[in-house]
Chemist: 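Once you've had a glance at the structure underneath, I'll fire off some questions.
Convention: sequence-line order gives letters A, B, ...; per-chain numbering from 1. This structure is a prediction, so every number in the text was calculated from the model and none was measured.
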Amino acid sequence: MVVSGKGQAEANSEKLEIVRHSAAHVMAEAVQSIFPQAKFGIGPAIENGFYYDFDLPRSLTPDDLPLIEAKMNEIIASNVPFVRQEVTREEARQLFAAQPYKLELINEIADEKVSLYQQGSFIDLCRGPHVSSAGEIKAFKLVSIAGAYWRGDEYHPMLQRIYGVAFDTKEALAEYLEKLEEAAKRDHRKLGRDLDLFSIHEEAGPGLVHWHPKGAVIRYIIEGFWKDEHIKRGYDIVYTPHIAKLDLWKTSGHWEFYRDYLYSPMEVEEQEYIIKPMNCLGHILIYKTRLHSYRELPLRYAELGTVYRYERSGVLHGLSRVRGFTQDDAHIFCRFDQLEDEVVGVLDLARFMIDTFGFTNYQVLLSTRPEKYAGTIQVWEEATETLGRALTRIGLDYQIDPGEGVFYGPKIDIKFEDAQGRAWQGPTIQVDFNLPKRFNVTYIGEDNQEHLVVMIHRTVLGSMERFLASLTEHYGGAFPVWLAPLQVKIIPVADRHLYYARKLEAELKSEGMRAEVDTRSETVNHKIRQAQLDKIPYMLVVGDKEVASSTVSVRLRSGEQLASQPCDNFKEIVKSAIVNKVKELSL
RNA sequence: GCCAGCGUAGCUCAGGGGUAGAGCAGCGGUUUCGUAAACCGCAGGUCGUGGGUUCAAAUCCCUCCGCUGGCUCCA
């Protein structure tokens, strides 16, 4: 039996964190030497590196970074020791008399003693630990400057933050920077343009997505799959209008709570209407067109519903954060005693979707009661426990996100990571105690009395836009065959093979495959290169040999090449890849 | 929204007070080719917008719009 405490890897990562934290202090010393008037915020280690926040007499520009780096290198070369000492809070206050942010921090420390770390001329309030001397920082680079509000509060002053990355060795640093460059190639905004999937136009407005034919094919396939799967799982597909009277949104509370996210009302025949920011109200109206017995619950209304929300200009991001998007939405109306089974059902569906589309990098979060909430604590606790039980039943590992629930109920979020490691919320399951009450959404129970339903808002993809972003980055644009906008590119060797190539194209198309002939009078090499850049799964090169023997020569986008084979054989291979939704090309 | 940076041809980018450039893509020819870029030619831009400084602005200054990276936010 192994009795040792920490594993080697864990110890290494702790050491690296200390190095990164110390690098932040060294950077602060460098900044202090350049700007003696600098006021210091905080400077922690973060994933891959560190940052430090400064209040400086002028704005930093990227040109400042090499100067600060040079200074840091001097400090590191001098190998100054990091010295820890403890002083009383009062002594610390005197020491940091000219440092308002530090004073604020000192005042919040409960202990009578506070610890300080000093290297060279720079002394900082800090819990530590640190390296013993600056020379232990082996490889770092300053990467960017950003504004950051003091203590993350937008009503506090904005400080200047410098981000750096730091690693054990120069090689590890170079490897990391290389990885960043590779990640940029997977960025859905770049691939979206290169692969002709979508565009966003200044003329039309930021955050408004135009789906090109190739992006639209992917969406169309996903939507068809999504609808079929929902019908199989007991959902009913509905459609609701894109605008509705403002009064409806006043009743729901959205006008009061989410006004900042709503587009201004438009007047129609002296009535005010708004464009919908959510689909739920339409579904509620459908539900309420008649009385419902407890026997017919749960009812599940699903809609690929397009919504519009005003997002602040600084937060828009490709397809991941937009102002108009289509949610793969559904609302489940059920009894409280059905909640757990329903959540299990949704989680099972969400996981089925995640697996089918091949995602592996995601995290599951259970968000609990926030400070401002509707309903009673008891109901909240019951519902939160129910969500937790559902997660356990389905066997999903999850973390608690305390206080991050929506005011109307707890929720489960599934977040996908993008190419640069940023997390974006995809599937979400939210329990709602608020709307059923506000709209009096009820069923008639066994006791012949009216009871409020429990509503679940849920998506299993998130939105079509964000989902395409995630999908594109996950596959680096090389979509699985069933999703690939174009599945087969037919490449005739010379013009005399065009007839045969077109016949093949027609044959494949008639069986539902997406095939196209490259009819240009270009070299075979050129056409193959183009097909490779377009990341088309299969390329069929046809020349004299193939025409003579009625075969095709298959090249995969992996570069793998296969012997000539009968066309029927190839068709079966592609069909099976489509039907089985295979993630990797294999033959 | 806030801080910083950026905006030159469809794309990637050069030029930085004195007549707007390249490669790729596009178009027209020639070439008919066997698994990642044939050759020749042509065309393509109010240098994001509006204003200012100047004899002269893509270039310097300001406004706005958009994008990028952060921050805040994200029902």
Chemist: What is the base-pairing partner of B:G7, counting Watson-Crick and G-U wobble geometry with both distances under 3.5 Å?
Modeler: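 Across all strands, the one nucleotide that pairs with B:G7 is B:C65.
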Chemist: How far does the C1' atom of B:C33 sit from the matching atom of B:G7, given to the nearest Å?
Modeler: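 Rounded to whole Å, the distance is 42 Å.
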Chemist: Rounding to an integer number of angstrom, what distance separates B:G44 and B:U30 when you compare their P atoms?
Modeler: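 One P to the other, the span is 23 Å.
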Chemist: Taking N and O atoms by type only, does the side chain of A:Arg189 place a donor or acceptor under 3.5 Å from a partner on the base of B:U68?
Modeler: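 Not at all, since no donor on one side and acceptor on the other fall under 3.5 Å apart.
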Chemist: Kindly say if A:Arg161 contacts the phosphate of B:U72, meaning a side-chain N or O under 4.0 Å from OP1 or OP2.
Modeler: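 So the side chain of A:Arg161 is outside the cut-off, no N or O lying under 4.0 Å from OP1 or OP2 of B:U72.
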Chemist: Watson-Crick or G-U wobble partner for B:G45, using a 3.5 Å limit on both distances?
Modeler: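 B:G45 is unpaired by these criteria.
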Chemist: Starting at the 5' end of RNA chain B and moving along, which residue's nearest nucleotide shows up first, A:Met278 or A:Ser144?
Modeler: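 Counting from the 5' end, the first nearest nucleotide belongs to A:Ser144.
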Chemist: For atom C1', what is the distance between B:G10 and B:G48, given to the nearest Å?
Modeler: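 My reading of the C1' atoms in B:G10 and B:G48 gives 16 Å.
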Chemist: Of the non-hydrogen atoms in A:Leu208 and A:Arg323, which two are nearest, and what is the gap between them?
Modeler: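 Reported closest heavy-atom pair: CD2-CB, 4.3 Å.
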Chemist: Run the ring-ring contact (aromatic ring centres under 6.0 Å, His included) test on A:Phe439 and A:Tyr287 for me, step by step, so that the C-alpha distance in whole Å, both residues' side-chain angles and the decisive distance to 0.1 Å come before the verdict.
Modeler: CA-CA 11 Å; A:Phe439 283 95; A:Tyr287 180 92; over 10 Å; no
Chemist: Would A:Phe407 pass as stacked on B:A75, i.e. its ring centre under 5.5 Å from the base's six-membered ring centre and planes under 30° apart?
Modeler: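 So no, this residue does not stack on that base, at least one cut-off failing.
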Chemist: Could you walk me through whether A:Ser199 and A:His212 pass the side chain to side chain donor-acceptor pair (under 3.5 Å) check?
Modeler: CA-CA 7 Å; A:Ser199 55; A:His212 296 200; 2.7 Å; yes
Chemist: Within the supplied structure, the quantity of interest is the number of heavy atoms (other residues, nucleotides, ligands) at a distance under 6.0 Å from A:Gln37 CD; does it exceed 12?
Modeler: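 Enclosed.
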Chemist: Taking the P atom of each, how far is B:U19 from B:U59, in whole Å?
Modeler: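 Each nucleotide's P atom is 14 Å from the other's.
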Chemist: Mind checking who B:A25 pairs with, Watson-Crick or G-U wobble, both distances under 3.5 Å?
Modeler: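 Here B:A25 is not engaged in any pair, so there is no nucleotide opposite it.
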Chemist: Does a side-chain N or O of A:Arg312 approach OP1 or OP2 of B:C71 to a distance below 4.0 Å, or not?
Modeler: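 The answer is no; no side-chain N or O of A:Arg312 sits under 4.0 Å from OP1 or OP2.
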Chemist: Look at the side-chain N and O atoms of A:Tyr51 and state whether any lies under 4.0 Å from the OP1 or OP2 oxygen of B:C71.
Modeler: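 The answer is no; no side-chain N or O of A:Tyr51 sits under 4.0 Å from OP1 or OP2.
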Chemist: Quick one: sort the A:Tyr176 and A:Phe167 rings into parallel, tilted or perpendicular, breaks at 30° and 60°.
Modeler: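 Taking A:Phe167 first and then A:Tyr176, their aromatic rings sit tilted (interplane angle of 30° to 60°).
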Chemist: I'd like the C1' distance from B:G28 over to B:G34, given in whole Å.
Modeler: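 Looking at atom C1' only, B:G34 and B:G28 are 28 Å apart.
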Chemist: Could you work out the separation of B:C40 and B:G52 based on their P atoms and round it to a whole Å?
Modeler: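 Their P atoms lie roughly 48 Å apart.
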Chemist: Of the listed nucleotides (B:G1, B:G69, B:A75), which one gets closest to any side-chain atom of A:Tyr261?
Modeler: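 Of all the options, the side chain of A:Tyr261 is nearest to B:A75.
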Chemist: Mind checking the P distance from B:C74 to B:C47? Whole angstroms is fine.
Modeler: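 Approximately 42 Å lies between the P atom of B:C74 and that of B:C47.
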Chemist: For the residue pair A:Lys545 / A:Ser553, report whether a side-chain donor-acceptor contact shorter than 3.5 Å exists.
Modeler: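 No pair is found: no donor N or O on one side chain lies under 3.5 Å from an acceptor on the other.
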Chemist: Taking atom types as they are modelled, would you say the side chain of A:Tyr149 forms a donor-acceptor pair with the base of B:G70 within the 3.5 Å cutoff?
Modeler: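 In this structure, the two groups form no donor-acceptor pair.
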Chemist: If we call it a pair only when both distances are under 3.5 Å in a Watson-Crick or G-U wobble match, what pairs with B:A37?
Modeler: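 Result: none.
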Chemist: Please state how far atom CG in A:Leu365 lies from atom P in B:A75, giving the value in whole angstrom units.
Modeler: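 After rounding, the gap between these two atoms is 13 Å.
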Chemist: Would you mind reading off the distance between A:His201 atom NE2 and B:C67 atom P, rounded to a whole angstrom?
Modeler: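 The answer, rounded to whole Å, is 12 Å.
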Chemist: Can you check each nucleotide of nucleotides 31-39 of chain B against protein heavy atoms at under 4.0 Å and return B for base, S for sugar-phosphate only, - for none, in 5' to 3' order?
Modeler: BBBBBBBB-
Chemist: Could you tell me how far apart A:Ile162 (CD1) and B:C3 (C1') are, to the nearest whole angstrom?
Modeler: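 Those two atoms, CD1 and C1', are 13 Å apart.
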Chemist: Classify the ring geometry of A:Phe570 against A:Tyr538: parallel below 30°, tilted from 30° to 60°, perpendicular beyond 60°.
Modeler: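 A:Phe570 vs A:Tyr538 ring planes: perpendicular.
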Chemist: Sticking with atom C1', work out how far B:C3 lies from B:C73, rounded to a whole angstrom.
Modeler: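 Here B:C3 and B:C73 have their C1' atoms 16 Å from each other.
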Chemist: Would you please classify the geometry between the A:Phe407 ring and the A:Tyr258 ring as parallel, tilted or perpendicular, with 30° and 60° separating the classes?
Modeler: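 A:Tyr258 and A:Phe407: tilted rings.
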Chemist: State the pairing partner of B:C60; accept Watson-Crick or G-U wobble contacts with both distances under 3.5 Å, and report none otherwise.
Modeler: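 Pairing partner, where one exists within any strand: B:G52.
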Chemist: Out of B:C71, B:A75, B:C74, which has the shortest distance to the side chain of A:Arg321?
Modeler: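 Of the options given, the side chain of A:Arg321 lies nearest B:C74.
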Chemist: Atom OH of A:Tyr52 to atom C1' of B:C3: distance rounded to whole Å?
Modeler: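 My rounded result for the distance is 19 Å.
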Chemist: OP1 or OP2 of B:A4 less than 4.0 angstrom from a side-chain nitrogen or oxygen of A:Thr61, does that happen here?
Modeler: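 Answer no for this pair, as no side-chain N or O of A:Thr61 is under 4.0 Å from OP1 or OP2.
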Chemist: Aromatic rings A:His317 and A:His188: how do their planes relate, parallel, tilted or perpendicular, breaks at 30° and 60°?
Modeler: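 If you compare the ring of A:His317 with that of A:His188, the planes turn out tilted.
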Chemist: Report which part of the nucleic acid A:Arg422 touches: base, sugar-phosphate, or nothing (heavy-atom distance under 4.0 Å, all strands).
Modeler: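 Sugar-phosphate: the residue A:Arg422, judged by heavy atoms under 4.0 Å, touches backbone atoms but no base.
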Chemist: Looking only at side-chain atoms of A:Glu202, point me to the closest of B:C2, B:C65, B:U12.
Modeler: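 Nucleotide nearest to A:Glu202's side chain: B:C65.
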Chemist: Of the options B:G1, B:G5, B:C3, whose atoms approach the side-chain atoms of A:Pro62 most closely?
Modeler: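 Out of B:G1, B:G5, B:C3, the nucleotide with an atom closest to A:Pro62's side chain is B:G5.
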Chemist: In whole angstrom, what separates A:Asp194's CG from B:C24's P?
Modeler: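 My rounded result for the distance is 17 Å.
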